[in-house]
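Residue indices begin at 1 and follow the sequence shown.
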Amino acid sequence: MGTYSFKSLFVPVLLVFTWLKPIGGQQSDPNSAVLKVPGATIDVTLPGETTKLSHQDLLDWVKACANAVSSYYGRFPVPHLTLVIRSSNGSGIRHGVTYAKDGGLIMISVGRDADIAETKDDWVLVHEMIHLAFPSMEDDQHWIEEGISTYVEPVARVRVGLMQVDELWRTFVHDMPKGEPGPGDHGLDNTHTWGRTYWGGAMFCLLADIRIRERTNNRKGLEDALRGINRAGGNIAENWDIEKTLAIGDKATGSTVLRTLYNEMRDKPAPVDLDQLWKKLGVEVKPSRPLQFLRPRAPHTLSSETYSATAQPPSADRRSASHQTCCSGRQNNVCCSSWSR
């Protein structure tokens, strides 16, 4: 996919107003509910149409996703979220859109034929909730917003048992190469393709996580940097420049990892030898065979065990080609995602 266009990717204005209308007067609306999660309140507007999933099924799904994000960040990233769920034809969960409006607004579609198994396998809502936790960047740094959501989403889900750790590593091994630079690449700030935006950004996050753990003897990780940014007031409603944002993240880990890595990758291709990286992390990849998880070759680094649902966070403070995601211009503080299989 090429450069993102606001006009072509933004949700049509009439649809936005249609989805927003039911938000008012939620207190007496039978299709609304209020959820309490760590550090936040979520006002949920539920579908008025008949769906295979009951309202309680949908609320359980929302709470599970919110708890995954809260677990990773130590709290929900914004104090109040408005979530509008609309029904759509077929099955599946798709068309997630996140706005800065009123401190956080997410709209998402759930297929009328979607079942509980699909809510348990869903990544879209967690991806969108993670967008709430990071300040809005200039268009040239849009990759870090999408990269964080792409990298943190499976990690957060594994931590609370919503995803198996071997599935996470299969996803990373299969999809991370999509973020590698191609011919004519001029760094993450200047190459706005789909692969570089999402998986190039995720690769930045993976490398940052590894380096932070190496520098701090595994006492800190990327989550500490992202928590520090969010605790300092960084969320989707704030427009920050990347230098300020990364400096705050580095302060939270007592390192300069984020700024150093950004300088390496911002305006140069900076390819990564992923095969060697997987070996370093103890992930053995062989064609036509299941992944093997070995002891990491490098001490005090990310390992195949780090993301286990039973693993403790490192700090005391503490998709595939068929997954198609798109985002509009960040000056509008909007992110949207959709997928099909």
Considering only NZ, NE, NH1 and NH2 on the basic side and carboxylate oxygens on the acidic side, decide whether [X] and [Y] come within less than 4.0 Å.
| X | Y | answer |
| --- | --- | --- |
| Lys268 | Glu264 | no |
| Lys279 | Asp275 | no |
| Asp175 | Lys178 | yes |
| Lys280 | Glu214 | yes |
| Arg231 | Glu223 | no |

Does a side-chain heavy-atom distance below 4.5 Å link [X] with [Y]?
| X | Y | answer |
| --- | --- | --- |
| Asp113 | Asp115 | no |
| Pro77 | Val69 | yes |
| Leu81 | Ile42 | yes |
| Leu246 | Ile144 | yes |
| Val97 | Ile108 | no |
| Thr41 | Phe76 | no |
| Val152 | Val126 | no |
| Ile93 | Ser109 | no |

- Between atom CD of Gln141 and atom OG of Ser136, what is the distance when rounded to the nearest 0.5 Å?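 Answer for the CD-OG pair, Gln141 versus Ser136, is 12.0 Å.
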- What distance do Ser88 atom OG and Arg112 atom CZ have between them, rounded to the nearest 0.5 Å?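 Rounded to the nearest 0.5 Å, the OG-CZ separation comes to 6.5 Å.
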- Item | Set of residues satisfying side chain to side chain contact (heavy atoms under 4.5 Å, CB included) with respect to Pro269, sequence neighbours excluded |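 For Pro269, the residues satisfying side chain to side chain contact (heavy atoms under 4.5 Å, CB included) (neighbours in sequence not counted) are Pro181, Asp185, Pro271.
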With no hydrogens and no angle check, is any side-chain donor or acceptor of [X] less than 3.5 Å from a backbone partner on [Y]?
| X | Y | answer |
| --- | --- | --- |
| Asn31 | Thr45 | no |
| His192 | Trp143 | no |
| Asp209 | Leu222 | yes |
| Thr191 | His186 | yes |
| Thr171 | Glu167 | yes |
| Ser149 | His127 | yes |
| Glu145 | His131 | no |
| Gln276 | Asp273 | no |
| Arg157 | Met163 | no |
| Asp241 | Glu243 | yes |

Non-hydrogen atoms of [X] and [Y] that approach each other most closely:
| X | Y | answer |
| --- | --- | --- |
| Ala114 | Gly92 | CB-N, 3.8 Å |
| Ala68 | Val160 | CB-CG2, 3.6 Å |
| Ala252 | Lys220 | O-NZ, 3.7 Å |

- Is there any salt bridge (charged side-chain N to carboxylate O under 4.0 Å, His left out) pair reaching into residues 246-262, and which pairs are they, with sequence neighbours excluded?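 Checked against salt bridge (charged side-chain N to carboxylate O under 4.0 Å, His left out) - neighbours excluded - the pairs reaching residues 246-262 are Asp250-Arg259.
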- Sequence neighbours excluded - salt bridge (charged side-chain N to carboxylate O under 4.0 Å, His left out) pairs with any residue from residues 52-63: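 Applying salt bridge (charged side-chain N to carboxylate O under 4.0 Å, His left out) to every pair that reaches into residues 52-63, excluding sequence neighbours, yields nothing.
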- Message: Show me the pairs that pass ring-ring contact (aromatic ring centres under 6.0 Å, His included) and involve residues 222-277, at least two apart or across chains.
- Response: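 Pairs touching residues 222-277 that pass the test: none.
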- Task: Quick one: list whatever passes side-chain hydrogen bond (donor to acceptor under 3.5 Å, both in side chains) with Trp61, sequence neighbours left out.
- Result: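 Scan of Trp61 (side-chain hydrogen bond (donor to acceptor under 3.5 Å, both in side chains), adjacent residues dropped) gives Asp122.
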- Can you sort out the partners of Thr253 under side-chain hydrogen bond (donor to acceptor under 3.5 Å, both in side chains), two or more places apart, ordered by chain and number?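 Counting only residues at least two positions away or on another chain, Thr253 forms a side-chain hydrogen bond (donor to acceptor under 3.5 Å, both in side chains) with Ser255.
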- Task: Please find out if less than 6.0 Å separates the ring center of Tyr151 from that of Phe204.
- Result: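 No; Phe204 has its ring centre 6.0 Å or more from that of Tyr151.
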- Message: We want to know whether Asp43 and His80 form a side-chain donor-acceptor pair, criterion being a heavy-atom distance below 3.5 angstrom.
- Response: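 Per modelled atom types, Asp43 and His80 side chains form a pair under 3.5 Å.
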- Task: Could you tell me whether the side chains of Glu146 and Thr197 share a donor-acceptor contact shorter than 3.5 Å?
- Result: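 No, no side-chain donor-acceptor contact under 3.5 Å.
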- Message: With a 6.0 Å cut-off (strictly less than), is the heavy-atom count around CD of Gln164, excluding the residue itself, greater than 12?
- Response: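 Open: at most 12 neighbouring heavy atoms sit under 6.0 Å from CD of Gln164.
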- Query: Does the side-chain contact (heavy atoms from CB on, under 4.5 Å) test come out yes or no for Leu226 and Tyr72, once each step is laid out?
  - Reply: CA-CA 9 Å; Leu226 296 179; Tyr72 186 88; 4.0 Å; yes
- Message: Please determine whether side-chain hydrogen bond (donor to acceptor under 3.5 Å, both in side chains) holds for the pair Glu128 and Thr98, giving the CA-CA distance in whole Å, both sets of side-chain angles, and the decisive distance to 0.1 Å.
- Response: CA-CA 6 Å; Glu128 294 303 323; Thr98 303; 2.4 Å; yes
